Amino acid sequence: LPAGRAILALTISSDCDNDERAAQAGERLGNLAGKLKSAAFAGRIITRGDKCSPGCMKLTGAGWGSLLRGLGSALVQEVLIPRCGLREGGTAAAIGAGLAGMRGSLRKLTLEADEDFPASGWTAVLRGLLGGVLEELAIKADSLSVEDAAAIGAHLGDLQPCLKVLSLRVDDAVPAEGWDALLAGVSQGSLEGLRLGHCHLHDGQAAAIGPRLEAMRANFSWVDLSWNKGLTAAGWRALLQGLVGGSVRELSLGSCGMDDSRMMAIMPDLFTLSRAGLSHIDVGGNKMSRDVWGV
């Protein structure tokens with residue numbers, strides 16, 4: 001790079017498809033100290049001519065270790081690790097060790113996990129974040145078992161008080177006891193933002209999440225519950241009552257399949273939240289009549 005030039009974001013994809021190239025890239029990344037803010041890794045991608053590149057899918061633990069050591073030397077602040085990294089078979093320990101090398105600078109981390117990624121893998125990866133300065137953690141997974149959720153929850157509490165934002169997106173429904181175990185780790189009240197969009201929540205899960213929200217709500221600035229279309233009025237009330245008494249200012253209920261009857265049922269809770277400081281509610285993408293706002 002020319003002297004003084006900085007990179008805001010770098011995506012590592014088609015040219016890093018084996019451990020040897022990863023080692024070369026890791027050495028070069030280490031020379032970017034103070035110049036690189038964000039790095040993302042791409043899995044399988046389509047290149048010109050509709051050719052398919054494996055991206056980082058063929059990297060073993062050694063390749064991931066090389067890349068992440070380079071990012072640690074570069075003092076990177078944001079990292080995205082795709083599902084091709086968080087898969088069953090030997091990469092988790094190397095990724096956890098690599099994250100440990102970034103703990104002094106890493107402030108935002110996105111983890112996208114394959115459906116077969118085991119609970120022991122979550123433990124190995126999240127253990128690498130302990131003692132760091134991580135402020136925002138996003139987890140996207142095809143599915144989470146109760147054991148997976150418990151492994152994640154066991155380490156979330158150790159990321160406080162630095163952790164301010166937690167985003168979770170799970171493509172398959174997590175059992176109620178899984179949500180209870182996962183959120184138990186962040187019940188100390190340091191979170192300012194919580195995103196549970198696209199989590200396929202139903203009333204049983206909401207009943208487990210609501211009491212956990214009570215313990216977290218003290219510092220909430222915003223909560224995103226959008227794209228959860230399986231909740232009845234009872235489920236929504238369980239979630240919102242967990243927020244009553246807190247400090248939430250912004251609430252997203254967008255594209256939740258909300259209709260007049262459900263909105264009418266939760267209106268008392270919304271009024272209570274508004275009196276405590278709630279100033280913005282996003283209900284876009286729902287099918288409600290104008291009459292409901294006349295309540």
Side-chain angles (χ1 to χ4, degrees), residues 18-19 22 26 39-44 54-72 79-103 106 108-134 136-160 162-163 166-188 196 198-200 205 208-209 212:
N18 60 57
D19 288 350
F41 299 92
R44 189 181 300 276
C56 299
M57 293 185 67
K58 292 185 177 181
L59 297 184
T60 68
W64 282 107
S66 297
L67 287 171
L68 296 180
R69 282 193 297 273
L71 291 177
V79 172
L80 183 152
I81 298 177
R83 64 185 64 242
C84 60
L86 301 184
R87 64 184 189 275
E88 188 174 19
T91 59
I95 290 175
L99 292 175
M102 289 184 267
R103 61 166 62 115
L106 187 63
K108 180 178 180 180
L109 176 65
T110 299
L111 301 171
E112 299 179 348
D114 186 79
E115 62 182 352
D116 296 324
F117 194 58
S120 59
W122 286 111
T123 297
V125 169
L126 295 176
R127 187 180 292 148
L129 301 172
L130 304 184
V133 294
L134 190 72
E136 183 172 350
L137 175 63
I139 292 176
K140 301 177 183 180
D142 291 333
S143 62
L144 290 176
S145 66
V146 175
E147 292 76 15
D148 296 334
I152 295 170
H155 289 86
L156 290 181
D158 296 327
L159 301 180
Q160 295 177 301
C162 291
L163 188 65
L166 177 63
S167 300
L168 300 168
R169 176 172 177 172
V170 187
D171 291 338
D172 196 9
V174 179
E177 56 267 36
W179 280 112
D180 183 69
L182 195 156
L183 296 178
V186 286
S187 60
Q188 301 174 25
L196 299 180
H198 291 272
C199 282
H200 299 268
Q205 289 98 323
I209 293 171
R212 293 301 181 187

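Any value given below was found using the heavy atoms of this structure, including those in side chains, with hydrogens, waters and symmetry copies removed. All values derive from a computational prediction rather than experimental measurement.
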Where do Leu144 and Pro175 come nearest, in terms of heavy atoms and distance? O-CD, 3.9 Å
Rounded to the nearest 0.5 angstrom, the NE2-OG1 distance for His155 and Thr123 is 5.0 Å
When every non-hydrogen atom of Ala94 is compared with those of Gly61, the smallest separation belongs to CB-O, 3.1 Å
Is there a donor-acceptor contact under 3.5 Å from the side chain of His200 to the main chain of Asp171? yes
Between CD1 on residue Ile152 and CH2 on residue Trp122, distance to nearest 0.5 Å: 4.5 Å
Backbone N/O of Val174 and side chain of Gln205: donor-acceptor pair under 3.5 Å: yes
Identify the heavy atoms of Val186 and Gln160 that sit nearest to each other, and give their distance. CA-OE1, 3.8 Å
Can you tell me how far the OG1 atom of Thr110 sits from the CD1 atom of Ile81, to the nearest 0.5 Å? 9.5 Å
Checking the side chain of Asp148 only, and the main-chain atoms of Ser145 only, is there a donor and an acceptor separated by less than 3.5 Å? yes
Can you check whether Leu129 reaches Leu106 side chain to side chain, under 4.5 Å on heavy atoms? yes
Which atom names give the shortest non-hydrogen contact between Asp114 and Arg83, and what distance separates them? N-CB, 3.8 Å
Separation between CG (Leu111) and CG (Leu137), nearest 0.5 Å, reads 6.0 Å
Euclidean distance, Glu136 CD relative to Leu109 CG, rounded to 0.5 Å: 10.0 Å
Counting C-beta onward and ignoring hydrogens, is there a side-chain heavy-atom pair between Leu196 and Ile209 closer than 4.5 Å? yes
Which value, rounded to the nearest 0.5 Å, describes the distance between Asp142 atom CG and Asp116 atom CG? 8.5 Å
For Cys162 and Gly132 the tightest heavy-atom approach is SG-O, 3.7 Å
Looking only at heavy atoms, the pair that brings Thr91 and Thr60 closest together is CG2-C, 4.2 Å
